[in-house]
Amino acid sequence: MITITPTIEGNYQIIRLKGRLDSTTSPELEEYLEANDFSKHRGVVFEMTELDYISSAGLRVLLNASKTFKKENISFLLCGIQAHVLEVFEISGFDTFLDIYPSLEEVWKE
Amino acid sequence: MTGERHRNPAGSMSLQLTLAQSDSYQSLLEGKVALLEEPLLLQEHHCFQINLILDEICTNIFENNRETENLRIDINISWKAEKITLVIEDNGIPFDPTGVDEPDTSLPLSRREAGGLGLYFVKKYTDSFTYSRIRGRNRTTVVKSLEPPNTSSTLKTS
């Protein structure tokens, strides 16, 4: 199960993810991203403190979203990733091209 | 008085998945892995990695067998000493998951595709990952070392 909670802070859309992002739940996130217009925001921040699990299916959705946002000049940021989830980003090499911050506070400091 | 906890030295459990369960198999896997926490003194990252290994292998089987009727996946989990062995058997089309090309993880965003990552995770998180075709069934076997309780990281670096 995945819970997607969007909020707006200033020019940024915050998307809090809670639960699991796997082949069963990632279509839900994909549909949410396709159904919403983020062009009025400077950036989109995925807050992942409560995301306990991600598989390659979840990474695929984030990779595609990252490419779409880049084309539209919208910043794509991730923060609060749990250590074992972050390791998957590192193995896949996604940490080399995605902007990853320890916390939302660190995002605002930038 | 505090006593040192020890792993249950050996044991096994099994799980059977069918195509009808393809929408909910991750929760079944998660529930099964959770049962291992106590006897194996699994830490959070162990559970995550074992779940990921089973999830990626089963997802791959389900994706390869959308047209297969009466698909059945049998999973056997056993452990001995500091190693856990996962045997996944299915009656789907012949497919060797160990032969899938590894993704180039050094490519920049513009050239990255997500394909192949799932089985790449399986390779990175296990000591051995083997396949055989036996009596018309695919058999995938992975062996994973579990470090002693309260030490960190099991990630292979190469």
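Each chain gets a letter, A, B and so on, in the order its sequence line appears, and its residues count up from 1. Quick note: numbers below take in every heavy atom, side chains included, and nothing from hydrogens, waters or symmetry partners.
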Checking heavy-atom separations under 4.5 Å from chain A, one finds in residues 90-99 of chain B none
### Ionic contact status for A:E30 with A:R60, cut-off 4.0 Å
no
* Aromatic rings B:Y25 and B:F62: how do their planes relate, parallel, tilted or perpendicular, breaks at 30° and 60°? -> tilted
Cluster check A:L104, A:I15: I/L/V/M/F/W/Y, side chain < 4.5 angstrom: no
Under 4.5 Å to a heavy atom of chain A? For B:L107 that would be backbone
Whatever's closer than 4.5 Å to a heavy atom in chain A on B:P108 counts as backbone
Quiz prompt | CA sep, side-chain torsions, deciding dist, call: A:R20, B:E30, salt bridge (Lys or Arg N to Asp or Glu O under 4.0 Å) | solution = CA-CA 11 Å; A:R20 295 169 56 91; B:E30 190 180 20; 3.5 Å; yes
Assert top hit (heavy-atom pairs under 4.5 Å, partner chain B, pool A:N64, A:D52, A:I54) equals A:I54
Contacts satisfying salt bridge (charged side-chain N to carboxylate O under 4.0 Å, His left out) that involve residues 106-119 of chain B (not counting sequence neighbours) are A:K67-B:E113
The ring-ring contact (aromatic ring centres under 6.0 Å, His included) partners of B:F48 (sequence neighbours excluded) come to A:Y53, A:H84
If you tally heavy-atom pairs under 4.5 Å between each of A:S56, A:G93, A:A57 and chain B, the highest tally belongs to A:S56
(Q) Within the structure provided, determine whether A:I100 and A:F94 are in side-chain contact (heavy-atom separation under 4.5 Å). (A) no
Greatest number of non-hydrogen atom pairs under 4.5 angstrom with chain A, of B:D104, B:T59, B:D55, falls to B:D55
Cut-off 4.5 Å, heavy atoms of chain A, and the answer for B:Q26 is both
Residues passing the ring-ring contact (aromatic ring centres under 6.0 Å, His included) test with A:F69, sequence neighbours excluded, are A:F38, A:F76
- Query: Taking the side chain as C-beta and beyond, is there a heavy-atom pair between A:S92 and A:L59 under 4.5 Å?
  - Reply: yes
